[in-house]
**Q** 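Have a look at this one.
Chain identifiers are assigned alphabetically (A, B, ...) following the order of the sequence lines, protein sequences preceding nucleic acid strands; residue numbering begins at 1 within each chain. These values consider heavy atoms only, across backbone and side chains, with no hydrogens, waters or symmetry-generated copies.
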Amino acid sequence: MPGPYKETDLTERVEAFLSDLKRGGTGAGPLRGSAETARETTALLRKITAQARWGSAGDLMEIIRKEGRRMTAAQPSETTVGNMIRRVLKIIREEYARSRGSSEEADQESLHKLLTSGGLSEENFRQHFAPLKANVIEAINELLTELEGTTDNIAMQALEHIHSNEVIMTIGRSRTVEAFLKDAARKRKFHVIVAECAPFCQGHEMATNLSKAGIETTVITDAAIFAVMSRVNKVIIGTQTVLANGGLRAINGTHTLALAAKHHSTPLIVCAPMFKLSPQFPNEEDTFHKFVSPHEVLPFTEGNICKKTDLNHVPTFGKSFSDLDISSLSFFFFLNTSHFSLRISGEILSKVNVHCPVFDYVPPELITLFISNIGGHAPSYIYRLMSELYHPEDHEL
Amino acid sequence: MINNLFLSSSVACVTDGPGRKDEIERAKSEGKDLTKEEKQRLRKEKKQQKKSKEKKDDKASQENEKEKKPVTSAAPASQPPTKPTMQKAPSAVPATAPVSVPASEASGPADKPAKTKAELKAERRARQEAERASKQNKKGETGQQATTSKPKAPPSDLQPVVKRLPEHIQVDNPDVLKKLAKKLERQQIPLRLDYGYKVSLFSHLHQYSRKAPLTQQLSIPSTVIHPAIVRLGLQYSHGIVAGSNARSVALLHAFKQVIRDYTTPPNEELSRDLVNKLKPYISFLNQCRPLSASMGNAIKYIKKEISNIPSNCKEEEAKSKLLNDIESYINEKIILAGVAIAKCAIEKQKISDGDVILVYGCSSLVNHILCEAFEKSRKFRVIVVDSRPRLEGKEALRRLVQKGISCTYVLISAVSYILPEVSKVFLGAHALLANGYVMSRVGTSQIALVAKAFNVPVLVCCETYKFCDRVQTDSFVSNELDDPDDLIVTRKGTTPLEGWQNESSLGLLNLVYDVTPPDFVDLVITELGMIPCTSVPVVLRVKNVDQ
């Protein structure tokens with residue numbers, strides 16, 4: 001029978017997606033970018049709309065909310081999933097309102113209307129409209145096409161922001177920024193400095209991709225960000241999430257970069273498509289940060305990066321020290337232990353706390369401009385965009 | 001400059017106005033070089049005038065000495081011939097040679113300064129010979145009078161400093177490179193070649209590869225360079241001895257070995273010959289790894305001590321005196337200074353109970369302070385911040401944990417996560433510059449910046465022997481570039497950067513130092529006390545006057 005078969009197929013898809021989300025959130029960087037996650041989420045929601053059994057808009061919203069809660073619980077740091085769910089919920093509300101014939105969008109703005117029409121909107125979703133399903137699916141298709149074009153839309157604006165002979169700094173790896181810079185490089189010549197962003201060193205991949213496109217690229221370590229910042233004209237970064245107050249949740253090291261840019265009065269430009277805008281505020285201390293295994297920072301076994309040096313030229317250790325007779329001064333000497341592969345043994349590791357946070361919070365005062373697929377905005381405008389994309393009742397799934 | 005000219009003309013009591021003015025005009029038209037030479041010559045003349053007033057009886061003997069000695073044609077530009085120079089007598093060919101050289105347009109600009117410099121050198125040598133001869137003629141007390149008259153002169157007049165730019169920040173100038181190559185050839189030291197693509201902003205600095213150590217090109221056994229120095233150079237270039245205190249102490253120990261093995265060749269004086277012997281060693285060490293500010297100060301001290309050895313001193317006495325001097329330098333400036341700084345920091349409550357202290361990398365002084373504080377049973381915990389590619393923080397972590405201090409370890413990109421927990425930041429320094437900037441390991445300025453943003457006090461700990469006269473405002477003009485291949489080594493083993501040499505538009509930058517502006521630093525703890533960053537030139541001046 002088509003019904004149950006469809007349902008099991010649907011639940012299989014959902015389970016597969018959930019397990020993907022759980023696995024994809026390891027510290028080695030997302031297995032796929034946020035854009036793909038957004039696309040998959042939206043496709044999945046379309047499938048749910050098409051195949052699940054629902055009578056009225058309220059039922060559909062309940063189903064989606066339930067699935068949405070499961071998805072966000074699987075990977076809380078992947079906020080695009082929650083964003084897409086909220087978008088779809090807003091689409092459903094809109095389609096419902098259009099079917100009913102009233103326009104609800106204007107209501108939220110007037111405080112008086114908000115107070116007087118408070119409880120009415122709840123029950124309205126029980127009515128059944130036959131074309132609602134088709135309308136919703138069509139609207140979700142539009143959303144999908146919008147998602148596919150975001151990177152290109154952002155990259156098209158590149159020439160407005162980059163002039164020739166500039167020095168641009170970026171950190172880590174962002175597909176959006178990569179496309180942005182490559183698009184500008186077709187017409188202009190400029191120089192890019194990439195901070196490698198330890199411990200995952202995603203900046204290396206970014207630098208190789210950019211240099212293959214013919215852009216003059218330099219890779220620097222995170223420690224040198226402030227040192228070279230005085231020669232940088234612009235800082236262009238990507239982000240994982242744009243928060244409701246205009247702040248960012250970006251890869252760790254971004255806050256330092258933003259502070260250095262502020263100190264030198266260098267503009268900080270964030271390239272972020274609209275699906276990354278999340279209605280969360282950064283005040284949940286415990287849930288804001290995500291940590292990965294400290295093994296990335298301080299490995300459990302051999303505690304050093306062994307350089308492949310030719311050890312034949314290095315004199316034997318014991319002899320040199322006895323000659324110099326500095327046993328009492330040994331505390332001055334920094335002996336680069338990597339050459340002799342001295343281990344940080346377990347007894348030391350057990351007494352040390354090691355942290356490896358993945359994200360950084362960047363306050364909105366440090367950001368100059370957001371470039372998204374619908375144009376450029378100041379950080380103070382973000383709250384407005386949020387009200388266009390999401391309904392306030394959906395902020396809490 | 002105009003003042004100097006007028007002064008000298010009045011002192012020399014010359015009324016030959018037009019002649020002098022001609023010189024001035026020519027000097028002005030020729031540009032900087034000649035005016036510098038003019039200035040040097042005039043300054044020398046002033047000094048000579050002063051000396052002549054003090055030792056009138058020796059003047060005659062000096063003149064006799066000069067006229068007797070077979071000097072080059074340009075040499076007698078000292079006292080008696082300066083008068084003919086001023087008078088522009090056409091027969092005084094040698095003295096007018098420096099002035100007539102610019103008049104002859106045929107000579108290229110490169111020859112001009114070389115010629116005048118050689119002439120000036122000859123003049124200086126002649127004068128030194130004369131002074132030494134006069135010293136030998138006189139009794140001891142007049143000798144002392146001459147030496148005491150010298151140090152009084154410098155602090156009283158603020159002379160314009162004619163500095164020569166160090167070679168290691170002029171790599172993009174081919175003339176400087178040629179001169180360096182010639183100098184190294186003369187000293188029989190191999191020249192180290194630069195490696196890899198250099199980022200354009202840093203094309204004026206050297207960039208060496210660790211895989212090609214300098215010693216591969218030396219013959220074994222090396223006749224020119226003492227084996228202790230060869231070993232030291234290798235330890236520097238491979239990073240086995242790193243950190244400014246460690247490098248200075250190792251250098252001084254190696255020099256002690258050199259002095260022990262030194263024997264004065266016949267017909268040579270220890271005070272001059274030993275200094276000349278040390279010069280190729282210093283060039284060699286410089287080629288292995290550029291000298292640090294602390295090493296530079298230590299070398300200046302040793303050279304001064306060596307040249308101050310009286311000529312009648314026996315070799316054994318001289319050697320033991322030098323060894324004692326070096327021992328006391330290490331003891332006072334490094335060890336005792338460290339103890340004093342630790343005492344100062346602990347007693348003045350810079351480390352109190354319940355503190356969370358952040359340190360960056362591995363600074364021997366900061367580690368010492370923390371270990372001392374822990375022994376005096378202060379309760380605190382430490383956060384060690386580390387950065388790629390050197391990962392020196394692991395060494396600091398090891399030392400602190402072995403003492404029993406509870407530590408946390410993060411990388412520098414996580415510093416804005418961990419800073420809200422921190423109550424103080426302790427940083428070490430490689431050098432303190434005369435305009436108050438702190439030169440230290442790359443990343444220090446970043447930590448100071450973020451600490452300032454979170455309102456956490458930043459304390460820099462530095463001994464006074466690391467203070468240097470240089471000024472610098474950014475990390476580009478004078479820095480050190482480490483091996484760029486270090487960035488390729490990651491924990492995972494492979495990285496997309498491995499083929500970076502093949503990509504023409506890809507460059508790797510591995511900086512070693514950066515400068516921290518003084519507004520990020522709240523306090524500098526030295527053995528002289530706790531001073532603000534801006535008091536560094538005061539300390540330098542006090543030290544110079546003492547010496």
**Q** Just by modelled atom types, is the Gly507(B) backbone N or O under 3.5 Å from a matching donor or acceptor in the Thr218(A) side chain?
**A**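 No; judged by distance alone, with no hydrogens or angles, the pair does not exist.
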**Q** Identify which one of Val199(B), Ile488(B), Leu508(B), Leu509(B) satisfies the side chain to side chain contact (heavy atoms under 4.5 Å, CB included) criterion when paired with Val219(A).
**A**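 Running side chain to side chain contact (heavy atoms under 4.5 Å, CB included) over Val199(B), Ile488(B), Leu508(B), Leu509(B) with Val219(A) returns exactly one hit, Leu508(B).
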**Q** Can you tell me how far apart NE2 (His204(A)) and CG (Leu506(B)) are? Round to the nearest 0.5 Å.
**A** 9.5 Å
**Q** Check each atom of Tyr513(B) against the heavy atoms of chain A and say whether the ones under 4.5 Å are side chain, backbone, both or neither.
**A** neither
**Q** Checking heavy atoms, do the side chain of Pro420(B), its backbone, both or neither come under 4.5 Å from chain A?
**A**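 For Pro420(B), no heavy atom lies under 4.5 Å from chain A.
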**Q** For Glu216(A) and Ser200(B), what are the C-alpha separation, side-chain angles and deciding distance, and is it a side chain to side chain contact (heavy atoms under 4.5 Å, CB included)?
**A** CA-CA 10 Å; Glu216(A) 282 283 329; Ser200(B) 57; over 6 Å; no
**Q** Measuring heavy-atom distances to chain B, does Val228(A) have an atom under 4.5 Å in its side chain, in its backbone, in both, or in neither?
**A**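 Answer is both: backbone and side chain atoms of Val228(A) are under 4.5 Å from chain B.
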**Q** Between His255(A), His191(A), Lys262(A), which has the largest tally of heavy atom pairs under 4.5 Å with chain B?
**A**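 Of the options given, most contacts go to His255(A).
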**Q** CZ of Arg231(A) to OG of Ser475(B): how many Å apart, nearest 0.5 Å?
**A**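 If we round to the nearest 0.5 Å, Arg231(A):CZ and Ser475(B):OG are 8.5 Å apart.
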**Q** What's the spacing between Leu511(B) CG and Ile220(A) CD1 if we round to 0.5 Å?
**A** 8.0 Å
**Q** Using 30° and 60° as the class boundaries, would you call the ring planes of Phe226(A) and Phe520(B) parallel, tilted or perpendicular?
**A** tilted
**Q** Establish, from distance only, whether the side-chain atoms of Ser230(A) and Asp474(B) form a donor-acceptor pair under 3.5 Å.
**A**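 No pair is found: no donor N or O on one side chain lies under 3.5 Å from an acceptor on the other.
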**Q** Going through the distances and angles, do Thr256(A) and Val415(B) end up as a side chain to side chain contact (heavy atoms under 4.5 Å, CB included)?
**A** CA-CA 8 Å; Thr256(A) 309; Val415(B) 82; 4.1 Å; yes
**Q** How long is the straight-line distance from CG of Asp222(A) back to CZ of Arg388(B), given to the nearest 0.5 Å?
**A** 8.5 Å
**Q** Using non-hydrogen atoms and a 4.5 Å limit, figure out which bit of Leu210(A) sits close to chain B: side chain, backbone, both or neither.
**A**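 Neither part.
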**Q** Any side-chain to backbone donor/acceptor pair from Gln446(B) onto Ile225(A)? Under 3.5 Å, distance only.
**A** yes
**Q** Can you tell me which of Ser387(B), Ser363(B), Ala414(B) forms the most heavy-atom pairs within a distance under 4.5 Å of chain A?
**A**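 If we count pairs closer than 4.5 Å to chain A, Ala414(B) comes out on top.
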**Q** Side chain from CB out, backbone as N, CA, C, O: work out which of these in Ile418(B) comes under 4.5 Å of a heavy atom of chain A, or both, or neither.
**A**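 Only the side chain of Ile418(B) comes within 4.5 Å of chain A.
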**Q** Report which part of Leu201(B) has an atom under 4.5 Å of a heavy atom belonging to chain A: side chain, backbone, both, or neither.
**A** side chain
**Q** Show the numbers, then the answer: is there a side chain to side chain contact (heavy atoms under 4.5 Å, CB included) between Lys394(B) and Leu298(A)?
**A** CA-CA 9 Å; Lys394(B) 286 185 181 155; Leu298(A) 194 60; 3.5 Å; yes
**Q** Starting at CG of Leu397(B), measure out to NZ of Lys351(A) and round the result to the nearest 0.5 Å.
**A** 11.5 Å
**Q** Taking side chain as C-beta onward, heavy atoms only, is Asn353(A) less than 4.5 Å from Tyr409(B)?
**A**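 Result no, sub-4.5 Å side-chain heavy-atom pair not found.
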**Q** Where on Lys212(A) is there a heavy atom nearer than 4.5 Å to chain B: the side chain, the backbone, both, or neither?
**A** both
**Q** Between the main-chain N or O of Ala198(A) and the side-chain N or O of Ser413(B), is there a donor-acceptor pair closer than 3.5 Å?
**A** yes
**Q** Do Leu411(B) and His355(A) make a side-chain contact, defined as non-hydrogen atoms from C-beta onward lying under 4.5 Å apart?
**A** no
**Q** State the CD-OG1 distance between Glu196(A) and Thr490(B), to the nearest 0.5 angstrom.
**A**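 That separation rounds to 9.0 Å.
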**Q** Is there a side-chain contact between Val352(A) and Val401(B) in this structure, where contact means two heavy atoms from C-beta onward sitting under 4.5 Å apart?
**A**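 Counting from C-beta outward, Val352(A) and Val401(B) do come under 4.5 Å.
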**Q** What part of Asp360(A) is in contact with chain B, defined as an atom under 4.5 angstrom from a non-hydrogen atom: side chain, backbone, both or neither?
**A**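 For Asp360(A), side-chain heavy atoms alone lie under 4.5 Å from chain B.
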